[in-house]
Amino acid sequence: MTVTVQPSPRPRAARSSGIGRLLIAVYAVLALGAAGRSAVQIIERFDTAPLAFTLSAIAALVYFVATVALIAPGKAWSRVAWAAIGFEAAGVLVVGALSVAMPQLFPEATVWSFFGMGYLFIPLVLPWLGLWWLATVRRAERVAAAAEAA
């Protein structure tokens, strides 16, 4: 009796594999840092810079959603990751530009003000790395799907 073993199809790339793990760790750290910062700012002195502190809280929420979406499997979570990271990219660009052009809007710093300068510009670079990673995973999934169909 001969047993033949069929090779299993190549596993699909996961958002949480490879470089994705590092991105998840950075997003989680930023989520905690931004949440802690905004909570303290909102509790202690919200009336001094409500826009800035609210934007920091929004940034924390976006980082948290991006972290979960990068970890969770499935197409729906992939869409959530694209949306969260895309929103983050737009947010850091808009808030960064406004904080440079109209600093009076931001009497105190936000996570995204001055393009994330207070966070070593990580908020400026991270969404572009995240979007690149999502595109890489999407491409790998398409190649794997095509290979399975053939």
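Atom set for the values below is all heavy atoms of this structure, side chains included, hydrogens, waters and symmetry mates excluded.
- Atom CZ of residue R15 and atom CD of residue E141 lie 7.0 Å apart, to the nearest 0.5 angstrom.
- One finds the CG atom of L98 at 12.5 Å from the CH2 atom of W112 (value rounded to the nearest 0.5 Å).
- With contacts defined as side-chain heavy-atom distances shorter than 4.5 Å, the pair Y27/E88 qualifies.
- At a threshold of 4.5 Å between non-hydrogen side-chain atoms, the residues F87 and I58 count as touching.
- Of all non-hydrogen atoms in A52 and T110, the two that sit nearest each other are O-CG2, 3.1 Å.
- Between L55 and V111 there is no side-chain heavy-atom pair separated by less than 4.5 Å.
- Side-chain N or O atoms of S38 include none that pairs as donor or acceptor with a backbone N or O of F53 at under 3.5 Å.
- At least one side-chain heavy atom of I24 sits less than 4.5 Å from a side-chain heavy atom of S16.
- In terms of the salt bridge (charged side-chain N to carboxylate O under 4.0 Å, His left out) criterion, R142 has no residue partners (sequence neighbours excluded).
- V92 and V29 sit in two unconnected hydrophobic clusters of ILVMFWY residues. Membership requires side-chain heavy atoms under 4.5 Å apart, directly or through other members.
- Annotation: the span from F114 atom CZ to Y119 atom OH amounts to 15.0 Å, rounded to 0.5 Å.
- Smallest separation of non-hydrogen atoms from A35 and A60: N-CB, 3.4 Å.
- Distance check, rounded to the nearest 0.5 Å: CD1 of I71 to CZ of R21 gives 11.0 Å.
- Panel note: side chain W133, backbone I19; no donor-acceptor pair is recorded below 3.5 Å.
- Both F115 and V62 sit in one connected hydrophobic cluster of ILVMFWY residues. Membership requires side-chain heavy atoms under 4.5 Å apart, directly or through other members.
- Nearest heavy atoms, P123 versus Y63: CB-OH, 3.4 Å.
- Between A49 and P107 the shortest heavy-atom distance is CB-CG, 3.6 Å.
- At distances below 3.5 Å, not a single donor-acceptor pair connects side-chain atoms of S78 with backbone N or O atoms of G74.
- Taking the side chain as every heavy atom from C-beta outward, F46 and T54 approach each other to under 4.5 Å.
- Under the 3.5 Å distance criterion, the side-chain polar atoms of R37 are left unmatched by any main-chain donor or acceptor of S56.
- Side chains of L131 and W82 form a contact here, defined as non-hydrogen atoms less than 4.5 Å apart.
- The hydrophobic clustering, which links ILVMFWY residues whose side-chain heavy atoms are closer than 4.5 Å, places L105 and I42 apart.
- Linking ILVMFWY side-chain heavy atoms closer than 4.5 Å, directly or via other members, places V137 and L23 in a single hydrophobic cluster.
- Side-chain contact between W77 and V68 is present, with at least one heavy-atom pair separated by less than 4.5 Å.
- To the nearest 0.5 Å, the span separating OG1 on T67 from CG on L32 amounts to 8.0 Å.
- A distance of 4.5 Å separates CG of L134 from CD1 of I85, quoted to the nearest 0.5 Å.
- Using a 4.5 Å cut-off on side-chain heavy atoms (C-beta onward), L124 and L93 make contact.
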